[in-house]
Chemist: 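My questions will all concern the structure given below.
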Amino acid sequence: MQIKNIVLSTCLLGAMCACTPYSSPSRQTWPAYLSGASFTDMTEMSRVAKRPVYLGAGGKLVGDAVDASSKLNYGDKSTNDNIIATQYMEKLEYALYDALRKPGISVQRAGTDVVVILVRDAIMELNVADISATGDDTLKTITQILKKYNATFIEIAGYTDAMHDANAARALSLDMAQRVGVYFAEHGINPNRMFIVGRGAARPIAGQDDIGRLTNRRVELRIAPAR
């Protein structure tokens with residue numbers, strides 16, 4: 001009877017945890033979660049500068065992450081490295097595309113990089129600056145894939161629609177990007193892989209009508225091979 005009660009209590013606790021909605025940690029703890037993240041654009045130069053810190057924190061390069069049987073033992077090394085990176089990122093793209101067939105989310109290629117566009121309303125509460133239950137589910141899926149394809153850098157960029165106050169737009173967009181970064185770090189993604197930026201109303205991807213404004217409020221994940 002005692003064992004039965006313990007099992008029942010464990011099941012009830014698991015069910016309660018499963019039903020508890022996700023809430024971002026308090027803002028005061030964000031710097032701890034994001035320790036090691038870079039708050040700048042993910043350029044080629046910034047990746048090169050970050051590489052020693054990333055490797056020192058246990059990061060992997062693409063060439064070290066792929067199966068030895070997949071490596072090419074002939075030809076130009078630079079060309080071979082590019083082929084390996086391209087194949088690695090293609091597999092990552094397919095994994096994300098298959099897992100994220102949801103409204104407000106798209107997966108695209110940009111050269112070797114993979115870009116995931118997350119419209120704000122697809123991952124955050126409507127009138128509250130926090131991640132929604134749907135967003136929790138989506139980000140959990142992305143986290144699992146990023147853990148598997150861990151030889152990558154991740155730029156997390158927040159965007160808003162056109163706002164009268166440019167400073168407020170940048171602050172709001174950075175808040176969105178940081179929330180996603182904190183979520184990733186909280187769920188086991190190495191923050192040394194991350195570049196976090198808030199770009200305000202820059203780079204709109206839609207018009208400024210009602211539908212377009214909703215689309216322009218977004219978080220973009222740009223995932224690049226670490227090499």
Chemist: Could you tell me the separation between the CD atom of E93 and the OG1 atom of T86, rounded to the nearest 0.5 Å?
Modeler: 11.0 Å

Chemist: What distance do I223 atom CD1 and M89 atom CE have between them, rounded to the nearest 0.5 Å?
Modeler: 6.0 Å

Chemist: Should T112 and R227 count as side-chain neighbours, where that means a heavy-atom distance under 4.5 Å?
Modeler: yes

Chemist: Are L146 and R193 packed together at the side-chain level, in the sense that at least one heavy-atom pair is separated by less than 4.5 angstrom?
Modeler: yes

Chemist: Rounded to the nearest 0.5 Å, how far does CE of M194 lie from OH of Y54?
Modeler: 12.0 Å

Chemist: Are I117 and F184 joined in one hydrophobic group, where the rule is that I, L, V, M, F, W and Y side chains link up if heavy atoms are under 4.5 Å apart?
Modeler: no

Chemist: I need the L174 CG to M176 CE distance, nearest 0.5 Å.
Modeler: 9.5 Å

Chemist: Please check if I196 and V219 belong to a single hydrophobic cluster, counting links between Ile, Leu, Val, Met, Phe, Trp and Tyr side chain heavy atoms closer than 4.5 Å.
Modeler: yes

Chemist: Apply the test side chain to side chain contact (heavy atoms under 4.5 Å, CB included) to residues I142 and L118: give CA-CA distance (whole Å), side-chain angles for both, the deciding distance (0.1 Å), then the verdict.
Modeler: CA-CA 11 Å; I142 295 173; L118 305 166; 4.1 Å; yes

Chemist: Between E220 and R222, is there a salt bridge with N-O shorter than 4.0 Å?
Modeler: no

Chemist: Going through the distances and angles, do F195 and D41 end up as a side chain to side chain contact (heavy atoms under 4.5 Å, CB included)?
Modeler: CA-CA 6 Å; F195 295 81; D41 293 342; over 6 Å; no

Chemist: Evaluate the criterion side chain to side chain contact (heavy atoms under 4.5 Å, CB included) for residue pair N216 and T160; output intermediate values, then yes/no.
Modeler: CA-CA 6 Å; N216 287 328; T160 67; over 6 Å; no

Chemist: Are V182 and V180 linked, directly or through intermediate hydrophobic residues, by side-chain heavy-atom contacts shorter than 4.5 Å (ILVMFWY only)?
Modeler: yes

Chemist: State the CG-CD1 distance between D130 and I123, to the nearest 0.5 angstrom.
Modeler: 10.5 Å

Chemist: Is W30 linked to V197 within one hydrophobic cluster, defined over Ile, Leu, Val, Met, Phe, Trp and Tyr using a side-chain heavy-atom separation of less than 4.5 Å?
Modeler: no

Chemist: Indicate the atoms forming the closest heavy-atom contact of G200 with S173, along with that distance.
Modeler: N-OG, 2.9 Å

Chemist: Considering residues at least two apart in sequence or located in another chain, which fulfil the ring-ring contact (aromatic ring centres under 6.0 Å, His included) criterion with Y183?
Modeler: Y22, H187

Chemist: Could you state the interatomic distance from CD1 (I154) to CG (N192), rounded to the nearest 0.5 Å?
Modeler: 11.0 Å

Chemist: Does NZ or CZ of K50 fall inside the cone over F153's six-membered ring, less than 6.0 Å from its centre and within 45° of the axis?
Modeler: no

Chemist: If hydrophobic clusters are built from ILVMFWY residues whose side chains come within less than 4.5 Å, do V62 and M42 share one?
Modeler: no

Chemist: Mind checking what makes salt bridge (Lys or Arg N to Asp or Glu O under 4.0 Å) contact with D121, not counting sequence neighbours?
Modeler: none

Chemist: Would you sort out whether M124 and R179 count as a side chain to side chain contact (heavy atoms under 4.5 Å, CB included), showing the intermediate values?
Modeler: CA-CA 10 Å; M124 293 193 176; R179 284 184 190 278; 4.2 Å; yes

Chemist: Hey, mind stepping through Y159 and R199 against side-chain hydrogen bond (donor to acceptor under 3.5 Å, both in side chains) and telling me if it holds?
Modeler: CA-CA 5 Å; Y159 296 88; R199 296 197 175 113; 2.6 Å; yes

Chemist: If you look only at pairs with a residue in residues 96-105, which of them pass as a side-chain hydrogen bond (donor to acceptor under 3.5 Å, both in side chains), with sequence neighbours excluded?
Modeler: D98-R101, K102-D137, K102-T138

